[in-house]
Amino acid sequence: MDSSGHQLHIFVFPYMAHGHMIPTVDLAKLFALRGLKATIITTPLNAPLISKPIRRTKGLGVDIDIRTLKFPSVEAGLPEGCENVDSITSHDNGSFELIFRFNKATTMLQEPLEMLLQECQPDCLVADLLFPWATDAAAKFGIPRLVFKGTCFFSLCTLECIKLYEPQKKVSSDSEPFVLTNVPGEIKLTRKQLPDGLRQDFDTDYSKLMSEIVESELKSFGIVVNSFYEVEPAYVDYYRKVLGRRAWPIGPVSLCNRGIEDKAQRGNEASISENECLKWLDSKKPNSVIYICFGSMVNFNASQLIEIARALEASKQEFIWAVRRDKKNQEDEEDWLPKGFEERMGGTGLIIRGWAPQVLILDHEAIGGFLTHCGWGSVLEAITSGKPMVTWPVFADHFYNEKLVSEVLQIGIGVGVKEWVAVHGEHVKSEAIETAITEVMVSGQAEEMRRRARKLGEMARKAVVECGSKYSNLNDLVEELRT
Ligand code: UDP
């Protein structure tokens, strides 16, 4: 309530991909737990993914609602019912074309959103970074627009410095490294690791979206970031104090999920029950299991899956593997895994075909490491659970996140991927995967990495208690919205 007794009402509008929707729904819960009314905006086919976690908050007396907008899939040239990036999947050139169409469809949501703003008269609009038009929509109703970013400050700083100095122009080849000296820690990158829009020779649709995003952010009320101060203080300070951006680190948002069901039921329906998963984990020794999952969008082809399976077998580590493959070839179920792999692995490995209850798994003491594609949601969840990582970046901000994990925080070892798969299709051999797994799980440095990771996990938990950094950042933000 503000001083006049008015309950602040906040609209929260996530981009329709699991990696964006999951943390945004957590964010809505956090606002509602602070006494605000939160309304989550989504499309009809995405609503069930949100209503389940929301239903569980009802008993807590929090005020969260869902409103839907019709998604113009067909109008934008997408298949009917395509309302989530999940249904586009693998990142070859064909699916990039579909993602452009998907983003075009989202721009058509501006008008229906404005009608909803007119009807509900909220006090603030929090919208995903991929909805740059949301700043203008909010301005029409005289309310602040906050940009939600599901990435880290390290990656935000790196992107800003690349944009400011364009060092990629000074290197002669795509794979020659350039060094960003204007950001703390002298970050080394190659052009092949940059998002498409930042390569001079790349296409204009993506570049246009990137510049619209930057412009809309500068005009917005500020940025809420799913990270916490203690994990990257130099980069939070650089972004806020040197670059002068208004930004609130309010993560890790996943920590608002305390119960087993809350941790297990985020995003898609899990392909294994909480009980079965916990029973398997409970039977293992502490730090003995590696968990493998590549987020919600990366699906490998059969030959890459076979390399992973060989690496797991050779590493002799126990594992939980959330496995999904390229949807294009799903009909030939047979050659997913090497012949007899599952039988040979017996109780050593738990294979989850489909969606894993990730936070529940990561939080278990049996998990000693996480082989991840370095999506920020997954990286932050691993940090929060105090787990070291085997890093395998694929595209987007994954390469920056990997650098934060392996070079700055020193809690990860890479499998050696050097460039965006979306463009160059890098294939990783089983030997490289096995070496990295062994280093993280059992090498001489494993214990030290685990100790560092555990310490960060403790800091994450401290950040969310009353008077912790996240707690006060969220309070500051709510106070600013109230005035
Ligand atoms: N996730 C999950 N089970 C899965 C795959 C993903 O719960 O089998 C969740 C994961 O916990 C994270 C999100 O989906 O919150 C993935 O976000 P991230 O940023 O890691 O990657 P993206 O999916 O955007 O590539």
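What you are looking at is a predicted structure, and each value in this text was computed from that prediction instead of being measured. Positions are given from 1 along the sequence. Whatever order the structure lists them in is the order used to number ligands and atoms, beginning at 1.
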Exercise for review: Among all protein heavy atoms, pick out the one at the shortest distance from atom 13 (C) of ligand 1; state its residue, atom name and that distance to 0.1 Å.
Suggested key: Ile22 CD1, 3.8 Å
Revision key, fill the gap. If you scan protein heavy atoms around atom 25 (O) of ligand 1, the nearest is His373 NE2, 2.9 Å
Practice item. Calculate, to the nearest 0.5 Å, the distance between atoms CZ and CD1 belonging to Arg101 and Ile88 respectively. Key: 9.5 Å
Review point. Does Arg246 count as lying over the ring of Phe221, i.e. NZ or CZ under 6.0 Å from the six-ring centre, within 45 degrees of the axis?
Key: yes
Exercise for review: Compute the ring centroids of Trp392 and His398, then answer whether they are less than 6.0 Å apart.
Suggested key: no
Review point. Is the gap between the ring centers of Tyr400 and Phe153 under 6.0 Å?
Key: no
Review point. For atom 20 (O) of ligand 1, what's the nearest protein heavy atom and its distance?
Key: Ser378 OG, 2.6 Å
Point to revise | Sub-4.0 Å heavy-atom contact, Cys293 with ligand 1 | key: yes
Review point. For ligand 1, is Glu381 a contact, meaning one of its heavy atoms is under 4.0 Å away?
Key: yes
Exercise for review: Considering only non-hydrogen protein atoms, determine which one is nearest to atom 3 (N) of ligand 1 and report residue, atom name and distance to 0.1 Å.
Suggested key: Ala356 O, 2.7 Å
**Study point:** Validation row, ring centre Phe300 to ring centre Phe294 under 6.0 Å
**Key:** yes
Review point. For ligand 1, which atoms sit closer than 4.0 Å to a heavy atom of Gly375?
Key: 18 (P), 19 (O), 20 (O), 21 (O)
Study note, to complete from the structure: Between the CG atom in Leu409 and the CG atom in Asn401, the distance rounded to the nearest 0.5 Å is 10.5 Å
Exercise for review: Please test Leu312 against Gln317 for side chain to side chain contact (heavy atoms under 4.5 Å, CB included), starting from the C-alpha separation and ending with a verdict.
Suggested key: CA-CA 7 Å; Leu312 287 171; Gln317 296 302 306; 5.8 Å; no
Exercise for review: Could you see which bit of Trp355 sits under 4.0 Å from ligand 1, with heavy atoms only: side chain, backbone, both or neither?
Suggested key: both
Exercise for review: Measure Gln358 to ligand 1 on non-hydrogen atoms and call it side chain, backbone, both or neither using the 4.0 Å cut-off.
Suggested key: both
Review point. Nearest to atom 23 (O) of ligand 1, what protein heavy atom do you find, and at what distance?
Key: Ser296 OG, 2.4 Å
**Study point:** For Trp376, the ligand 1 atoms whose distance to one of its heavy atoms is below 4.0 Å
**Key:** 19 (O)
Practice item. Note the single closest protein heavy atom to atom 19 (O) of ligand 1, along with its residue, its atom name and the distance in Å. Key: Gly377 N, 3.0 Å
**Study point:** Lys/Arg-Asp/Glu bridge criterion (N-O < 4.0 Å) met for Arg461, Asp363
**Key:** yes
Check your understanding: Counting N and O atoms only, with roles assigned by atom type, does the side chain of Thr158 sit under 3.5 Å from a partner on the main chain of Phe154, one being a donor and the other an acceptor?
Key -> yes
Revision key, fill the gap. the protein heavy atom lying closest to atom 24 (O) of ligand 1 turns out to be Gly19 CA, 3.3 Å
